[in-house]
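Remember, predicted model here, so these are calculated numbers, not experimental data. The basis for the numbers below is simple: all heavy atoms, side chains too, and nothing from hydrogens, waters or symmetry mates.
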Amino acid sequence: MYQEKNIGTVDIHVSDYQRMIDNRGLPVEKRIEKESHLSVIPVPVEKAAGDELSWLNVLCQETSENVQELINLQKALFELEETNLRNRTELQPLDDAIAKQQVIEKDGAVVQDLRARRQDLITSLITSVT
């Protein structure tokens, strides 16, 4: 694995992730639009045709709801991945800070606070994976 220098601001990274999230949802949103047009089919007067179209309208509605749920799940997944990335990024500087502080004070309050923060990050990462 290679490392690159992080060039740019947090705003740039956030906007990049937001653009990725928005772009992932576009194909699904187009399907929703297409599905919503199908659900506006006028119902004919004949009973047999009306039953078929009623069933088709229900099916289109359920499909649209499923697609919307898929979009929401994808957005939630991206948010979770972004949180995990931030937590992982914070771990290395935190480990460095713990090591520096331990030179000054072996097990002082600052070291304990830093260790508690590190444990919180690790717990968050483990929880999000399971």
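- Counting heavy atoms from C-beta outward, L77 and L73 have side chains that stay 4.5 Å or more apart.
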Practice problem: Start with the C-alpha gap between R86 and E90, add the side-chain angles, then the distance that decides, and say whether salt bridge (Lys or Arg N to Asp or Glu O under 4.0 Å) holds. | Solution: CA-CA 6 Å; R86 278 195 313 262; E90 187 180 342; over 6 Å; no
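- Heavy-atom minimum distance, E105 versus V110: OE2-CB, 3.1 Å.
- Looking at D107 and R115, a side-chain N of the basic residue comes within less than 4.0 Å of a carboxylate O on the acidic one, giving a salt bridge.
- Using a 4.5 Å cut-off on side-chain heavy atoms (C-beta onward), D113 and R117 make no contact.
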Self-check item: Q102 and I98: CA distance, side-chain angles, deciding distance, side-chain contact (heavy atoms from CB on, under 4.5 Å) verdict
Solution: CA-CA 6 Å; Q102 280 180 327; I98 290 170; 3.9 Å; yes
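- A distance of 11.5 Å separates CD1 in I122 from OG1 in T127, rounded to the nearest 0.5 Å.
- A donor-acceptor pair under 3.5 Å is absent between the side-chain atoms of S124 and the main chain of D120, judged by distance alone.
- A side-chain donor from one of Q92 and D96 sits under 3.5 Å from a side-chain acceptor of the other.
- Following chains of ILVMFWY side-chain contacts shorter than 4.5 Å, one can reach L94 starting from I126, so the two form part of one hydrophobic cluster.
- Between K75 and F78 the shortest side-chain heavy-atom distance does not fall below 4.5 Å.
- With a 4.5 Å cut-off on side-chain heavy atoms, K106 and V111 do not count as touching.
- Between L85 atom CG and L80 atom CG the span is 11.5 Å, to the nearest 0.5 Å.
- The CZ atom of R88 sits 9.0 Å away from the CG atom of L91 when rounded to the nearest 0.5 Å.
- To the nearest 0.5 Å, atoms CG (L125) and CG (N84) are separated by 5.0 Å.
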